[in-house]
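Naming: A, B, ... by sequence-line order, numbering from 1 per chain.
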Amino acid sequence: MSPAARTRQAWTAPDIDNQRWPREMFRIDAAELSQRLLGRRLVRILDGGERLSGRIVETEAYLGAQDLAAHCAGNRRTPRNESMYGPPGIAYVYFTYGMHHCVNVVCAEEGSPAAALIRALAPEEGLDRMRHNRTGPRRASPLRDHDLCSGPAKLCQALAIDRALDSADLVNGDRLFIEGADAGSLFEQAEIANAARIGVDSAGSWAKAPLRWYVKHCPHVSRD
DNA sequence: ATGACGATTTACT
DNA sequence: GTAAATCGTCATA
């Protein structure tokens, strides 16, 4: 389906190849990466080989030392956020609120902290396992598909992503990676919404910066 | 050693 | 709409 035709539909995943991203595709700034990730497939291979995946439909950019909403604001560097300073193409997984994990894709040059937060997926492979990971084996009514990965902590729970995957290499590793290596954006501008980031109200002037992107009319995003 | 906080989610009024 | 859950992490002492 052409991008133009897709704008008339509620949401259709764009065609992609199954090629993994090479390192150089991550050597870009976080805003660029955040947009380019949309439509690509995040793949998680569990111990034992089971494959879980979903299309990335919502992202946020955390730009670097100058970005007061970022964990690396003012070049703050601690054991927790060390991987933000690592080479492009690794994961930054952090733990927050005493119970949740979130996953970022580290980008830009090594030593220059920047990353794209993955905020939502349209789940593709392993939905039963995701449901189990999210709620356990028993539940009165099973979670609906659009409740599985519609938030940064939800998708980590669904895909079993935790601090063990912090700094995991998305280029050469075999536990977490991104597929769909065609160059450029997979969407027309009109198919993508751009808005302020979520949960960064205390970041002063940076709180309102439009650094969140999501696929319009997609039921799997965290919010519209 | 201590205290405050958090790139969230869920349940409840 | 509001509030609770829950604890690693970091700054301060």
Non-hydrogen side-chain atoms of A:H100 and A:D162 separated by less than 4.5 Å: no
Sugar-phosphate only, base, or nothing, as touched by A:S202 at under 4.0 Å among non-hydrogen atoms: sugar-phosphate
Whole-Å distance separating the CD1 atom of A:I118 from the C1' atom of B:dT8: 17 Å
Rounded distance (Å) that lies between atom P of B:dC5 and atom CG of A:D201: 15 Å
Per A:F95 side chain, nearest of listed nucleotides C:dG8, B:dG6, B:dA7: C:dG8
Gap between atoms CG and P, on A:N81 and C:dG8 respectively (whole Å): 18 Å
Name of the residue among A:Y62, A:Y92, A:Y94 meeting side chain to side chain donor-acceptor pair (under 3.5 Å) with A:H71: A:Y92
A:I28 side, atom CD1; A:C107 side, atom SG - distance, nearest 0.5 Å: 6.5 Å
cation_pi(A:R20, A:F177) dist<6.0 Å, angle<=45: yes
Nearest-neighbour nucleotide for the A:L117 side chain, B:dA7, B:dT8, C:dT6 considered: B:dA7
Stacking check A:Y94 vs B:dA7 (5.5 Å / 30 deg): no
Phosphate-side-chain proximity, A:R212 and B:dA7, N/O vs OP1/OP2 below 4.0 Å: no
d(NZ, A:K154; C1', B:dA11) in whole Å: 13 Å
A:N104 CG to A:I90 CD1 distance, which is reported to the nearest 0.5 Å: 10.5 Å
Candidates B:dT9, B:dA7, B:dG6 - which lies nearest the side chain of A:V200: B:dA7
Spacing of A:H101 atom NE2 relative to C:dT9 atom P, expressed in whole Å: 9 Å
Euclidean distance, atom OH of residue A:Y97 to atom C1' of C:dC7 [Å, nearest integer]: 13 Å
Carboxylate-amine/guanidinium contact A:D67 A:R197, below 4.0 Å: yes
Pairing stems for DNA chain B [at least three consecutive pairs; Watson-Crick or G-U; under 3.5 angstrom]: B:1-6 with C:7-12, B:8-12 with C:1-5
Of the listed nucleotides C:dA11, B:dA7, C:dA5, the one nearest the side chain of A:R76: C:dA11
Sugar-phosphate only, base, or nothing, as touched by A:R197 at under 4.0 Å among non-hydrogen atoms: nothing
Any side-chain donor near an acceptor of the partner, A:S222 and A:E58, under 3.5 Å: yes
Distance in angstrom units between A:H100 NE2 and B:dT10 P, rounded: 7 Å
Closest to the A:R134 side chain, choosing from B:dT8, B:dA7, B:dT10: B:dT10
Nearest listed nucleotide, side chain of A:A153, among B:dT9, B:dA7, B:dG6: B:dT9
Whole-Å distance separating the CG atom of A:L155 from the P atom of B:dA7: 16 Å
salt_bridge(A:R55, A:E125) N-O dist < 4.0 Å: no
